[in-house]
Structure formats: C-alpha cells, structure tokens
Amino acid sequence: GTGVRIADTRKTTPGWRALEKYAVRCGGGANHRSSLGEHVLIKDNHLAGLAIPDAVTLARDRWPGRTVHVECDTVEQCAEALRAPADAILLDNMSPPVVRRCVELAGEAFPGGRRPLLEVSGGVDLDTVGGYSACGVDQISVGAITNSAPVLDIGLDI
C-alpha cells in the first residue's frame with residue numbers, strides 16, 4: 001500500500017537472466033537492470049580520490065543521456081549525491097531509520113520538485129521489507145527474488 005516498487009537485481013542464474021527477469025515482471029515486480037551498460041552505477045570503489053559530484057559530472061560527460069546512479073553507504077554520501085545531483089541514489093545496507101533520514105534530506109533538497117529516485121538495497125528480506133517500504137523510498141531491490149528463488153524439481157521417468 002506504499003507505492004514502493006520491488007525490483008530484482010542483476011544477480012541471476014547464468015544463462016537464465018531473461019527468463020528470471022520475465023518471471024519477476026509476471027509476479028508484479030520491476031526489473032532493476034539487465035546489464036552493466038543500461039545505466040552508470042557509481043560505487044564506493046569508483047570514488048577513490050574523486051568526490052561524488054565530480055564522479056557524476058564525469059559520468060555524464062562520458063556517457064551523455066545515461067541515467068547516473070550513485071551507491072551510498074552513509075547519510076553524508078546521500079547528501080553529496082543529492083547535491084550532484086544523481087538521477088538515482090542507491091541506499092545500500094542502511095537501517096530503516098537511516099533510510100528515513102535520507103528521504104528527509106531528499107525532500108529538503110528538492111522541495112515540491114522531482115527528486116532523484118531513492119532505492120533501498122542490501123539486507124532486505126520478507127521480515128524487513130515492510131519497514132523499508134514505509135520510509136518513503138521509490139524502490140527496493142531484492143536479489144533473493146532471482147538468485148535464491150526455489151526451484152521446481154520436475155522429472156519425467158519412463
């Protein structure tokens with residue numbers, strides 16, 4: 001009832017990506033991305049000696065028209081990504097109270113305007129997804145819906 005989309009990740013079974021992503025869509029979920037080339041994802045290891053706003057500018061210069069996502073592990077990184085501004089911010093392995101603070105910062109940075117997409121990732125399971133969805137984020141990505149989905153053992157014995 002919160003309007004949050006549940007999305008898969010790129011983590012799929014080798015050779016089965018298209019089928020697993022189709023299954024997610026059939027189940028009402030969204031696909032995060034199918035390949036590394038669909039958008040730019042700036043992760044912490046890309047930021048060695050480079051500030052988030054500089055990384056976003058560099059990404060836009062090198063790949064014009066591509067959506068730029070920034071993975072953030074802290075509220076401070078989120079604030080930097082909002083100032084950049086990134087197109088989307090991946091709130092990685094944060095607790096619901098920290099995620100809530102990031103959502104507040106986004107509201108303050110973009111009052112009444114279109115803010116970057118806010119996505120929760122890492123450590124989300126059936127027990128925690130409700131708490132995250134109540135924080136005001138746009139999307140929650142869950143690798144387990146593809147990489148840990150149970151298999152159906154079908155056999156044909158003659």
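Quick note: residue numbers are just sequence positions, from 1.
Each of Val4, Thr2, Leu91, Ile140 was evaluated against Tyr132; a single residue qualifies, Ile140, per the side-chain contact (heavy atoms from CB on, under 4.5 Å) test. Only one option out of Val56, Leu117, Thr67 pairs with Asp87 in a side-chain contact (heavy atoms from CB on, under 4.5 Å); it is Thr67.
Residues Ala79 and Leu105 come closest through the heavy atom pair CB-CD1, 4.2 Å. Annotation for Ala86 and Ala84: closest pair N-CB, 3.8 Å, computed over non-hydrogen atoms. The two atoms that bring Asn93 and Gly123 nearest to each other are OD1-N, 3.7 Å, heavy atoms only. The heavy-atom pair separating Val40 from Arg66 by the smallest distance is CG2-CB, 4.2 Å. A pairwise comparison of heavy atoms in Leu90 and Ser121 identifies CD1-CB, 3.5 Å as the closest pair. For Ile52 against Gln77, the heavy-atom pair with the smallest separation is CD1-O, 3.6 Å.
Between the SG atom of Cys135 and the CZ atom of Arg101 there is a distance of 13.5 Å, given to the nearest 0.5 Å. Rounded to the nearest 0.5 angstrom, Ser95 OG and Arg100 CZ are separated by 8.5 Å. Separation of atoms CD (Glu76) and SG (Cys78) is listed at 9.5 Å; rounding is to 0.5 Å. The distance from the CD1 atom of Ile42 to the CG atom of Leu50 is 8.0 Å, given to the nearest 0.5 Å.
In this structure, His32 and His39 have perpendicular ring planes: the angle between them is above 60°, well past the 30° mark.
Side-chain contact check for Asp125 and Thr128: at least one donor-acceptor pair (N or O, by modelled atom type) lies under 3.5 Å.
The hydrophobic cluster containing Leu41 does not contain Val70, counting ILVMFWY residues as joined when their side-chain heavy atoms lie under 4.5 angstrom apart, directly or transitively.
Residues Glu104 and Arg115 are not paired through a salt bridge, judged by the lack of any N-O separation under 4.0 Å between the basic side chain and the carboxylate. The pair Arg83-Glu80 does not count as a salt bridge, with every side-chain nitrogen at least 4.0 angstrom from each carboxylate oxygen.
Taking the side chain as every heavy atom from C-beta outward, Val68 and Trp63 never approach each other to under 4.5 Å.
Asp138 contributes a side-chain N or O that, together with a main-chain N or O of Leu118, makes up a donor-acceptor pair within less than 3.5 Å.
Among residues at least two apart or in separate chains, side-chain hydrogen bond (donor to acceptor under 3.5 Å, both in side chains) pairs with a member in residues 13-30 are Asp8-Lys21, Thr12-Arg17, Thr13-Glu20, Arg25-Asn31.
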